[in-house]
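These notes are about the structure you will find just below.
Here is how names work: the chains are called A, B, and so on, in the same order as the sequence lines, proteins then strands, and each is numbered from 1.
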Amino acid sequence: MLNKIKYFLILCVAFVSCSKQSDQIIVSSKKFTESVILGEVIKHIGNYSNTNIQHKDQLGGTRVLWNSLLSGEIDLYPDYTGTIIQEILSDRSISNEEEMITELAKLGIKVAGPLGFNNTYAIGIKNKTEKISTISQLNEYPDWKLGFTNEFMDRNDGWPGLKERYNLVHKDVTGLDHDLAYRGLESGSIDVIDLYSTDAEIEYYEIEILADDLDYFPAYNAVILYRNELEKLHPEFVKNLLSLKYSINESKMVKMNSRVKIDKEKEDVVAAGFVKSIFDYKVEINEETMFTRLLKNSKDHLFLVLISLFGAILFSIPLGIAAYKIPQLKQVILNSTGIIQTIPSLALLVFMIPFFGIGELPAIAALFLYSLLPIVRNTFLGIENIPVQTRESAIVLGLSNFTILKKIELPLASRSIIAGIKTSAVINVGTATLGALIGAGGFGQPILTGIRLDNISLILEGAIPAAILAIIVQWFFELSEKIFVPKGLRIN
Amino acid sequence: MIQLEEVTKNYSGKSAVKNINAVFEKSQTTVLIGPSGCGKSTILKLITCLVNADSGTIKIDGENLITINLRDFRRSIGYVIQEGGLFDHLSIEDNLKLASQNFYINEETINDRIEQLLALTKIENGQLQKFPSQLSGGQRQRISLMRALMLDPEILLLDEPLGALDPLIRFELQTDLKEIFTELNKTVVMVTHDLSEAVYFADKIILMKDGEIVQSGSPEELLKNPTNRFVQKFITAQRSHVE
């Protein structure tokens with residue numbers, strides 16, 4: 001039995017052999033197209049400057065990126081002055097961009113830019129029949145449904161401040177994904193959305209922008225935030241970044257957004273065109289085939305699932321045994337693993353960021369915690385359900401507690417334990433798709449991009465392999481029953 | 001010889017046995033009988049140390065049980081329960097060998113012992129590779145008895161060993177068991193609720209009710225001189241269906 005487990009573990013470690021390089025520059029971007037394009041621009045410039053640069057795209061919202069930048073998980077990312085002043089440094093009452101630069105410098109962060117365009121928040125409607133042109137006039141339509149991005153709902157410079165400044169009376173206000181908001185507006189299920197002034201969709205969907213007549217929204221000049229040490233380590237790269245100042249005006253940015261969102265061009269292709277125009281540098285686009293993408297996503301996804309699942313197996317089985325053997329611990333163990341299970345998976349992922357930063361590690365930690373309950377519970381129940389007579393027979397035969405556990409209880413509970421592992425594995429495969437939100441890659445990556453670009457085939461490129469993997473995992477554990485469940489229990 | 005002196009055991013405030021005084025003579029078969037819940041199985045659990053007495057003493061050949069090394073003591077007892085208590089995940093052979101291997105007895109000795117016991121319990125060699133779920137109830141009880149006898153224990157404790165069998169198989173096994181007991185000459189304590197079975201096996205019968213001994217003695221004594229109305233009623237109730 002021990003030998004079998006050994007082989008099993010070796011097999012799985014071989015499966016997930018995966019390593020990370022250390023002298024890399026990590027550029028990151030937020031979960032919307034403009035940010036991803038700027039991230040790609042930075043990546044191409046990194047390549048042009050002969051650095052080893054990687055772009056971790058679509059890493060959730062401002063907070064995740066800012067904290068990752070501070071902790072050094074990432075080296076740089078594009079952001080906007082309004083966001084930095086109103087949101088990131090909101091507790092320092094900064095009044096202009098010079099002060100902002102000084103405050104950032106104190107934190108070891110430098111600013112490249114401004115890039116040349118102001119992507120301010122704006123409020124948009126799609127209603128041709130009503131006569132409305134300013135945000136103030138919204139109060140004439142108190143029954144309208146407002147659908148704002150989740151980030152806008154929470155930000156200091158978002159809905160709370162807007163509502164106060166304009167004394168808005170609307171009750172029906174919901175949070176949703178930015179890319180879904182346009183579709184909601186188009187279908188008429190919402191009447192008012194927030195948007196970015198450089199969004200490609202404004203023209204495409206013929207959206208009317210309401211004038212900010214009380215001057216609520218500050219300027220959101222695009223800049224690049226980077227860590228101080230980048231200047232020492234990669235001076236050439238930073239020099240090239242700084243040369244981007246005023247190189248992208250609003251119409252240029254809207255055009256680039258439009259090429260990606262409306263014309264369905266790839267971000268890196270669009271970014272490459274821009275970089276070529278500035279540096280006279282022909283970017284080699286590695287045309288990623290669906291197959292190579294699938295291979296990479298599969299590898300990332302398996303890495304997350306296998307490591308977290310094996311950690312969970314190694315940890316949960318002893319925990320389940322302890323819950324049975326030590327009555328005082330039973331409730332503590334079962335309740336605490338139960339409570340973890342009730343935390344929404346997305347929240348659990350985000351909770352892990354302060355401890356483990358971004359990328360695979362926090363995702364693995366969250367998936368590990370998520371996998372505990374089914375295995376712990378099934379181990380506990382598998383042992384508890386052994387008939388008392390069987391246990392008494394073993395005791396009277398003179399077997400020690402350890403021998404009873406090893407030779408009687410665990411083999412008799414094996415079917416139940418494997419069923420628990422199977423449940424955990426299938427949940428794990430599904431939940432791991434959320435890992436993409438914190439930079440862990442996997443099948444969630446194409447799903448995330450697919451939602452952002454309204455591209456069904458990309459969504460399916462993540463969803464179908466994830467479903468197939470879940471089936472394979474299920475099948476694998478059914479097969480493993482033949483190895484781990486003793487023959488005597490498989491005979492009817 | 002097993003002696004119980006003023007032994008009391010309570011389960012969550014309710015007494016299972018009260019101030020029991022009993023002697024189980026060496027090389028004799030003593031049968032504990034009585035209605036369900038009378039405490040007869042508890043006595044076996046007390047002797048096997050599956051439960052500990054709240055008060056009183058249990059002596060094995062004059063030595064207090066609590067001073068005896070438990071591992072050594074369990075090596076000297078064999079225990080058979082109603083459904084056999086075989087381990088479903090192990091083959092018959094592994095079920096038989098488990099305890100012997102645990103006591104580091106060499107493989108050759110173990111195999112010789114299995115050969116002897118196969119003959120004694122009338123089990124064919126071919127059954128050894130099977131699993132408990134592939135055997136009939138009667139065969140399982142024979143294997144369970146074999147397992148109990150593997151280490152050649154001094155004491156054999158049987159808790160309703162034939163209780164779950166259908167009448168024909170039960171009759172056959174009764175005959176074989178009686179032969180085995182006679183041949184091995186062990187100290188046997190058997191629990192049953194069936195009077196005819198008790199009379200068939202017993203050198204001595206102990207009749208219990210509500211955790212207390214109502215009467216004990218040879219089967220003849222019990223049948224001829226019931227000491228009170230309960231004994232009388234118990235005997236009549238069990239006989240009336242036959243007569």
A:I408 and B:L98: side chain to side chain contact (heavy atoms under 4.5 Å, CB included), yes or no, with the steps? CA-CA 10 Å; A:I408 310 292; B:L98 188 61; 3.6 Å; yes
When rounded to the nearest 0.5 angstrom, what is the spacing between CD1 in B:I81 and CD in A:Q389? 5.0 Å
More than 12 heavy atoms of other residues, nucleotides or ligands under 6.0 Å from [atom1] of [X]: yes or no?
X: A:K325; atom1: NZ; value: yes
X: A:F315; atom1: CZ; value: no
X: B:K178; atom1: NZ; value: yes

Compare all side-chain heavy atoms of [X] with those of [Y] and state whether any distance is below 4.5 angstrom.
X: B:R147; Y: A:S393; value: yes
X: A:I395; Y: B:R74; value: yes
X: A:P486; Y: B:L90; value: no

Do you know which of B:P153, B:C49, B:G85 has the most heavy-atom pairs with chain A at a distance under 4.5 angstrom? B:G85
Per-residue tally against chain A (heavy atom, under 4.5 Å) across B:L50, B:T48, B:L151 peaks at B:L50
Under 3.5 Å, is there a donor-acceptor pair between the side chain of B:D88 and the main chain of A:L412? no
Are the side chain of B:H89 and the backbone N or O of A:S414 linked by a donor-acceptor pair below 3.5 Å? no
Minimal non-hydrogen separation, [X] against [Y], with atom names:
X: A:G488; Y: B:S133; result: O-OG, 4.1 Å
X: A:L397; Y: B:F87; result: CD1-CE1, 3.8 Å
X: A:G398; Y: B:N102; result: O-ND2, 3.2 Å

Contact class of [X] relative to chain A, heavy atoms under 4.5 angstrom:
X: B:K45; result: side chain
X: B:R71; result: side chain
X: B:F73; result: neither

Using non-hydrogen atoms only, which part of A:T403 is less than 4.5 Å away from chain B: side chain, backbone, both, or neither? side chain
